[in-house]
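Just below is one structure, and these are the notes that go with it.
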Amino acid sequence: MNRRRFLQSSAALATLSAVEFAPWQSLNAFAREVDEFIRGPAVKDHPLRQVSKHVWMIFSPDGFPTPENQGMMCNITFVDTAKGLVVVDSGASVQIGEMAIRQVRKAFKKPVIAIINTHYHGDHWLGNHAFVEAYGDSLPRYSHPGTIKAVQGVQGNMWRTLMEQWTNQATLGTRVVPPNLALENGAELKFGDVTLRVHHFGTVHTPFDLCVEILEDKLMLVGDVAMDRRIANMDDGSYLGTLQAYDRLEKTASTIWLPGHGEPGAHVLQWNRELFEGIYRPCEQAIKDGLGLEEAKAWVLKDPRVASRAKETKGFESNIGKYVSLAYLEAEAAGF
């Protein structure tokens, strides 16, 4: 048994009788004290870099959480405004959020004044804990109302637990701090010299994804609606919804796409569109021709839009079977 597991077990056993007889209103406070006592290690610093006039990011080189990266798998973005800094997606743990705060305090002499969480997957909001510790519980935390409800419900503790498992408890001590202010499609947040416009396109990566447009910079923070050299997890999403969202995104004035995973650039949407077309359209045709899933998968793997991206796409070999299956099921449902 390693030291962290021993401490965790010892703390639990030592306080079991006290908890058993504690009043119910004290349980939340007790749980918080245990989490704060048993914490995972600090995350090494990742540099802050400028993407456009008002947008800075901490880039995550990894696509998936591991014990080695301690859950550092999602880009953390800061919008520099005259009023202060706005965070878009806060990272996968309190430790990652603390690392991000260290970086911005070196670069800026201004506070964080708001957080926007693009959706309910934990790598995009579990870092909220660090920011409310640093800037107070009243720090505004925006998201789609569906995301707020999801994090307050099953998704919150589920994602905290998953991150602990995937990182060998490196994220221990992270509390669930949900977003608390709702944003709908078309909402605008003005912070002095910068305006953020929010877009919601229905079910894309999840049913509640937000994209955040920085109007003055012609830059769109797309969250996980599009990724750079990684396939977005589509378990909660829709291929057709994603392709339709790309049509609408391309009608905006944005010229730079900053994803939650991977490098920002002008061709992020095009890369994703072609890959998703290469996965979904062969499945759609297989359904029309009365062919099964295995035949559809063979067609997908031969499609040049997929084959040309296989080597450079993180997690391709381990995930392509699932993504084809999801595309096949969606095409089958759409055919009725």
Side-chain angles (χ1 to χ4, degrees), residues 46-47 49 51-52 55 57-77 89 91-92 118-119 121 123-124 166-167 204-206 209 211 219-243 245-247 249-250 254-285 293-294 296-328 330:
H46 292 252
R49 76 188 204 207
V51 180
S52 64
V55 177
M57 71 182 291
I58 295 176
F59 174 70
S60 176
D62 296 334
F64 301 91
T66 66
E68 291 72 27
N69 65 30
Q70 298 172 255
M72 183 61 187
M73 56 174 288
C74 176
N75 296 332
I76 304 170
T77 305
D89 290 338
T118 58
H119 61 289
H121 292 157
D123 52 315
H124 295 259
W166 291 333
T167 64
V204 184
H205 174 63
T206 75
D209 299 276
C211 294
L219 181 147
M220 186 77 71
L221 304 168
V222 295
D224 285 1
V225 168
M227 298 185 182
D228 172 55
R229 291 166 178 79
R230 182 182 185 272
I231 303 177
N233 184 338
M234 297 303 289
D235 294 68
D236 302 331
S238 166
Y239 285 92
L240 286 177
T242 297
L243 294 171
Y246 293 167
D247 291 338
L249 282 167
E250 287 169 347
S254 296
T255 57
I256 301 172
W257 314 101
L258 199 165
H261 302 272
E263 292 280 0
H267 303 294
V268 172
L269 289 194
Q270 179 184 350
W271 188 93
N272 278 262
R273 178 190 290 279
E274 292 179 3
L275 177 62
F276 275 27
E277 292 276 6
I279 295 172
Y280 185 79
R281 299 306 177 191
C283 291
E284 186 178 55
Q285 188 61 51
L293 176 60
E294 288 305 313
K297 182 179 178 181
W299 283 7
V300 168
L301 292 175
K302 291 178 182 177
D303 191 291
R305 295 167 292 190
V306 176
S308 64
R309 289 167 171 79
K311 290 184 179 179
E312 66 176 0
T313 302
K314 292 176 182 177
F316 184 89
E317 290 295 333
S318 58
N319 288 292
I320 189 61
K322 180 180 75 169
Y323 293 133
V324 172
S325 178
L326 291 169
Y328 186 89
E330 183 175 350

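The analysis underlying the following values was restricted to heavy atoms, covering all of them including side chains, and did not include hydrogens, waters or symmetry mates.
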>> Quick one: does any side-chain atom of Asp62 pair with a main-chain N or O of Met73 as donor and acceptor, under 3.5 Å?
In response: no
> Are any of the side-chain nitrogens in Arg273 or Asp247 under 4.0 Å away from the carboxylate oxygens of its partner?
Replying inline: yes
> Quick one: do the Trp257 and Glu250 side chains pair a donor with an acceptor below 3.5 Å?
Replying inline: no
> Would you say Ser308's side chain and Pro304's backbone share a donor-acceptor pair under 3.5 angstrom?
Replying inline: yes
> Do Arg229 and Glu263 sit within salt-bridge range, that is, some charged N less than 4.0 Å from a carboxylate O?
Replying inline: no
> Taking only residues two or more places apart in sequence, or in another chain, which ones meet Asp303 in a side-chain contact (heavy atoms from CB on, under 4.5 Å)?
Replying inline: Pro282, Arg305, Val306
> Hey, which of Asp209, Val268, Asn272 is the one that makes side chain to side chain contact (heavy atoms under 4.5 Å, CB included) with Val225?
Replying inline: Asp209
>> Can you confirm whether Ser60 sits close enough to His261 that some side-chain heavy atom of one is under 4.5 Å from a side-chain heavy atom of the other?
In response: no
> Which heavy-atom pair separates Asp235 from Lys322 by the least distance, and what is that distance?
Replying inline: OD1-NZ, 3.0 Å
> Does the ring of Tyr239 carry Arg281 above it, NZ/CZ under 6.0 angstrom from centre and within 45° of its axis?
Replying inline: no
>> Taking atom NZ as the centre, does Lys302 end up with more than 12 heavy-atom neighbours from other residues, nucleotides or ligands that are less than 6.0 angstrom away?
In response: no
> Under the side chain to side chain contact (heavy atoms under 4.5 Å, CB included) criterion, do Leu258 and Thr77 qualify, and how do the steps go?
Replying inline: CA-CA 9 Å; Leu258 199 165; Thr77 305; 3.7 Å; yes
> Which heavy-atom pair separates Val51 from Pro264 by the least distance, and what is that distance?
Replying inline: CG1-CG, 4.2 Å
>> I'd like to know if the side chain of His121 pairs up with that of Asp236 as donor and acceptor (distance under 3.5 Å, no hydrogens or angles considered).
In response: yes
> In terms of the angle between their ring planes, are His119 and His124 parallel, tilted or perpendicular, with boundaries placed at 30° and 60°?
Replying inline: tilted
> Is there side-chain contact between Met227 and Ile231, with at least one heavy-atom pair below 4.5 Å?
Replying inline: no
> Has the side chain of Asp228 got a donor or acceptor atom that lies under 3.5 Å from a matching backbone atom of Pro259?
Replying inline: no
> Among all residues two or more places apart in sequence or in another chain, which pass the ring pair (Phe, Tyr, Trp, His ring centres under 6.0 Å) test with Tyr328?
Replying inline: none
>> Please evaluate residues Trp166 and Gln70 with respect to the criterion side chain to side chain donor-acceptor pair (under 3.5 Å), reporting the C-alpha separation (whole Å), side-chain torsions for both, the decisive distance (0.1 Å), and the verdict.
In response: CA-CA 9 Å; Trp166 291 333; Gln70 298 172 255; over 6 Å; no
> Is the Lys NZ or Arg CZ of Arg49 less than 6.0 Å from the centre of Phe59's six-membered ring, within 45° of the axis?
Replying inline: yes
> Between the main-chain N or O of Leu240 and the side-chain N or O of Glu330, is there a donor-acceptor pair closer than 3.5 Å?
Replying inline: yes
> Does the Asn69 side chain pair with the main chain of Thr66, one donor and one acceptor, at a distance under 3.5 Å?
Replying inline: yes
> Considering all heavy atoms of both residues, which atom of Ile76 and which atom of Asp89 are nearest to each other, and what is their separation?
Replying inline: CG2-O, 3.3 Å
